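The structure under discussion appears below in the form of structure tokens.
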There are 4 protein chains.
Amino acid sequence: MKAPSGRPRDPRIDRAVLAATAALVTKVGYADLTVAAIAAQAGTTKPAIYRRWPSKAHLVHEAVFPSGEPTSLPQTGSVADDVREMLRRTAAVWSEPAARAALPGLMGEIAADPTLHAALLERFAEGVWGALHARLVEATARGEVRAGVDPAALIETIAGATLMALLIRAGDHLDDDWFDHMADLLTKGIRP
Amino acid sequence: MKAPSGRPRDPRIDRAVLAATAALVTKVGYADLTVAAIAAQAGTTKPAIYRRWPSKAHLVHEAVFPSGEPTSLPQTGSVADDVREMLRRTAAVWSEPAARAALPGLMGEIAADPTLHAALLERFAEGVWGALHARLVEATARGEVRAGVDPAALIETIAGATLMALLIRAGDHLDDDWFDHMADLLTKGIRP
Amino acid sequence: MKAPSGRPRDPRIDRAVLAATAALVTKVGYADLTVAAIAAQAGTTKPAIYRRWPSKAHLVHEAVFPSGEPTSLPQTGSVADDVREMLRRTAAVWSEPAARAALPGLMGEIAADPTLHAALLERFAEGVWGALHARLVEATARGEVRAGVDPAALIETIAGATLMALLIRAGDHLDDDWFDHMADLLTKGIRP
Amino acid sequence: MKAPSGRPRDPRIDRAVLAATAALVTKVGYADLTVAAIAAQAGTTKPAIYRRWPSKAHLVHEAVFPSGEPTSLPQTGSVADDVREMLRRTAAVWSEPAARAALPGLMGEIAADPTLHAALLERFAEGVWGALHARLVEATARGEVRAGVDPAALIETIAGATLMALLIRAGDHLDDDWFDHMADLLTKGIRP
DNA sequence: GCTTAAACGAGACGGTACGTCACGTCTTCTA
DNA sequence: TAGAAGACGTGACGTACCGTCTCGTTTAAGC
């Protein structure tokens, strides 16, 4: 089936390229990021990079959103706390310097490349979002969340509000007050 | 004050370029949009375009988000309806074919160019967002909105959720159910 | 016939433009000479220049080769001295800083524009070259020049050698030795 | 010494570009010669050209003046014949359709770019001019040329007269009479 | 230990768009 | 009508980056 003949890929190159990509995108931004510069910084060459990733966007996407993390939500016991935790985690991932520098630029590529679009959605669906989705379904069954609340819509709202906050407040970071207030808003609504 | 000496700019060129930009970005997308093609379609030339807009991004931004309209919210009498209306309007602006085609690509440029960032924020602040902000302040004073709800955060949430929905659901449009559900969520929260 | 109605041209502009052209071509060279810069330096505008000269090349040509001079050859009494004087004068005209800076660049334009070609030939034919031509014809009649020497060919040789010397010896100027030697060569030939 | 790593340049491109340059400059002249057109005609692209030659002028210079040939002068036995042969060869090089079309335009570039100036002088010094210089030194030693005749000045004169003739007599070619007369002039001088 | 196949570095390749520049003309207003 | 001002169409410039290719060289695994 697989005949892994020939010289194997050097795993140090994978790591060096990912690290170089994250460092460079943080320094110069996505628009001024070039594959040649990444190769130089990683001590390798463009073909070695294109052997591993099909395009610059795929590379950045992998460099900037680390895949591994277990992301199990802690047992908070309260849906309000779950929402809050979800906001924090989403913001944490997207606030990483490299991620924040790359996010806006990546959106253009994602819209243009269905491959990337699917990859990114899958990555998030398997991560934080998936955990919260399950939690919300349970909470609805227990009656802690009113019937008719679509988990997917809530997740969309949490992610969207976080993204928008990061885009609008260009320089700053999101503080505790923001998380408190936003969790409150989604939990209680705006009704008095 | 202004000394309009010299040959005045031909306003027909401004209009033709904006129209051509909107048409082309809808057809080919932001990534494959070239200034030369815009110029050709508008019946003019690249220098004439660069005389008017400092970059392709500035041009697209102006072509895609109509500037003028006062956009006064109708007197709905209910904050819930105001929120719903606000969602609809935000979605309407961003769902325009040209806007939808340009939005993701534009984000990268906006992040890289503070000039554009400021221009875009100002444009939205003066439009729909400004009207809702005022309405919310009044509603809070009348007691229809609970104290402690930050209008800016709500706007952020509305805009963010809409943006995220448009990004994630690549092909589709947002239907009535989506607006109903989202307005409900923001008005009542998730509590039973 | 001539109906000089309307505002007359300002002769100061003619002079200012010619002076500015000569100064600028000396400073930046023909290749980097722009009409806009000439206009700015002369305190006028491009249209005012194009009302007077049909092209940049025509303007430079007039600015760099002053037309007026009487150019009567002194009565030297000897053909050898006439040749020498002719070499000196040709070199004098072409060694003017402005002329030397403009000459090579002008050649390209001259070759491309028959109008200019004719204008330049005429200018020189009426000047130094014409005087020498007459003198040579007389000298041939008197027997001081051997029969069969074509005056036109000699002039061609004098002008060509001077031009080539100026082109090859880029930085330097032509000294007395050069004139002595060249006059000797043309007068006596290379025979022992 | 040389470490020819990386993909080697495709020599067919070098040849195709030089041929296309010579063909195009002959057809449209130096002024209307564009690098894009050369690239198109050669079946390659602008960057491939700029990778090889630092400027359009360098490319034209190489395309138009063939480099290699040793051009040993034939053993004529007489200095007069050597001079005549030298005139013929200089005229032959510069009368090539491509060379003649490019020469005037090249002069402007040569004056503006010391690099080109040096390259061109070297090219000619190694070619015809060098051979004649040696021949003249021998002839002077044998007493066939009078002492005091500077070979460099004679070469300057030969080249200059030829150049001037080609420039002035725009359309025509130089005929046998011209060579006879000019050789005579330089050999015998104008003395009776 | 030899073979083999793929990865490696280097850098040229075709392609395409970029944003700039200068030319010579045209249009407006003012003298 | 000239002049000042500056926008106009035209068209080329030289650069940059993409993602692919072709070299010659190195490196492991399989025979």
Side-chain angles (χ1 to χ4, degrees), chain A residues 3-13 31-37 39-40 43-57, chain B residues 3-14 31-39 43-56, chain C residues 3-10 12-13 31-40 43-57, chain D residues 3-14 31-39 43-56:
Chain A
S5 81
R7 175 178 178 175
R9 288 197 185 149
D10 186 341
R12 286 170 310 182
I13 292 183
D32 292 343
L33 182 68
T34 73
V35 178
T44 181
T45 57
K46 284 200 295 169
I49 291 180
Y50 280 103
R51 225 171 273 126
R52 292 166 166 81
W53 294 275
S55 80
K56 183 171 73 165
Chain B
S5 85
R7 176 177 180 174
R9 288 196 183 149
D10 186 341
R12 286 170 309 184
I13 293 182
D14 292 76
D32 291 342
L33 183 68
T34 75
V35 178
I38 294 173
T44 182
T45 56
K46 281 199 293 172
I49 291 180
Y50 280 105
R51 228 172 270 129
R52 291 168 166 77
W53 293 275
S55 79
K56 187 170 70 168
Chain C
S5 81
R7 174 175 175 177
R9 285 192 187 156
D10 185 341
R12 286 170 309 184
I13 292 182
D32 292 343
L33 182 69
T34 73
V35 178
I38 294 173
T44 183
T45 56
K46 284 200 294 170
I49 291 181
Y50 281 104
R51 226 171 274 127
R52 291 166 167 80
W53 293 274
S55 80
K56 184 171 72 165
Chain D
S5 85
R7 177 179 180 172
R9 289 203 180 142
D10 186 341
R12 286 170 310 182
I13 292 181
D14 293 75
D32 292 343
L33 183 68
T34 73
V35 178
I38 295 172
T44 181
T45 56
K46 281 200 293 172
I49 292 179
Y50 281 107
R51 231 172 267 131
R52 287 157 222 269
W53 293 274
S55 79
K56 188 170 67 167

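All chains are named by letter (A, B, ...) in the order of the sequence lines, taking the proteins before the strands, and each is independently numbered beginning at 1. Values below: all heavy atoms of this structure, side chains included; hydrogens, waters and symmetry mates excluded. From a predicted model like this one, the values you see are computed outputs, not experimental measurements.
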Between [options], which one does the side chain of [X] approach most closely?
X	options	result
A:Arg52	F:dG3, E:dC8, F:dG14	E:dC8
B:Thr34	F:dG9, E:dC18, F:dG19	E:dC18
D:Arg9	E:dA12, E:dG24, F:dC18	E:dA12
B:Asp10	E:dT25, F:dG19, F:dC8	F:dC8
B:Tyr50	F:dG9, E:dG19, F:dC18	E:dG19

*Indicate whether OP1 or OP2 belonging to F:dG9 is found under 4.0 Å from a side-chain N or O atom of B:Thr44.*
yes

_For a quick test of reading the model: is some side-chain N or O of A:Arg12 closer than 4.0 Å to OP1 or OP2 of E:dC8?_
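Answer no for this pair, as no side-chain N or O of A:Arg12 is under 4.0 Å from OP1 or OP2.
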
*5'-most by nearest nucleotide on DNA chain E - D:Asp14 or B:Ala37*: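 Closer to the 5' end of DNA chain E: D:Asp14.
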
Measure from [atom1] on [X] to [atom2] on [N] and round the result to the nearest Å.
X	N	atom1	atom2	value
A:Ile49	E:dC8	CD1	P	11 Å
C:Trp53	E:dC23	CH2	P	15 Å
B:Ile13	F:dA7	CD1	P	11 Å

_Residue closer to the 5' end of DNA chain F, A:Pro54 versus C:Gly43 (nearest nucleotide)_ = C:Gly43

_Measuring from atom CD1 of B:Ile38 to atom CG of B:Leu33, what distance do you get when rounded to the nearest 0.5 angstrom?_
4.0 Å

_Set of residues satisfying salt bridge (charged side-chain N to carboxylate O under 4.0 Å, His left out) with respect to A:Arg51, sequence neighbours excluded_ =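 Salt bridge (charged side-chain N to carboxylate O under 4.0 Å, His left out) list for A:Arg51, sorted by chain: empty.
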
*For B:Asp32, enumerate each residue passing the salt bridge (charged side-chain N to carboxylate O under 4.0 Å, His left out) test, keeping only those at least two apart in sequence or located in another chain.*
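Partners of B:Asp32 by the salt bridge (charged side-chain N to carboxylate O under 4.0 Å, His left out) criterion come out as none, since no residue qualifies.
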
*E:dG19 base to B:Lys46 side chain: any donor-acceptor pair below 3.5 Å?*
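Donor-acceptor pair under 3.5 Å: yes.
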
*asked:* Among residues at least two apart in sequence or on other chains, which ones pass side chain to side chain donor-acceptor pair (under 3.5 Å) with D:Ser55?
replied: D:His58

*asked:* So which atom in D:Ala39 and which in D:Thr45 form the shortest heavy-atom distance, rounded to 0.1 Å?
replied: CB-C, 3.6 Å

*Per the end-axis method with five pairs at each terminus, what is the bend angle of the helix from E:dC2-F:dG30 to E:dA31-F:dT1, to 10°?*
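Answer rounded to 10°: the end axes differ by 10°.
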
*By side chain to side chain contact (heavy atoms under 4.5 Å, CB included), which residues pair with A:Ala36, not counting sequence neighbours?*
A:Thr34, A:Lys46

*asked:* Closer than 4.0 angstrom, basic N to acidic O: yes or no for B:Asp14 and B:Arg52?
replied: yes

*NA contact type, D:Lys56, heavy-atom cut-off 4.0 Å: base, sugar-phosphate, or nothing?*
sugar-phosphate

*Select base, sugar-phosphate, or nothing to describe what A:Leu33 touches, counting heavy atoms under 4.0 Å on all strands.*
sugar-phosphate

Between the protein and nucleotides 21-23 of chain F, which nitrogen or oxygen pairs come in under 3.5 angstrom?
residue, atom, partner, partner atom, Å
F:dC21, O2, D:Arg7, NH1, 2.8

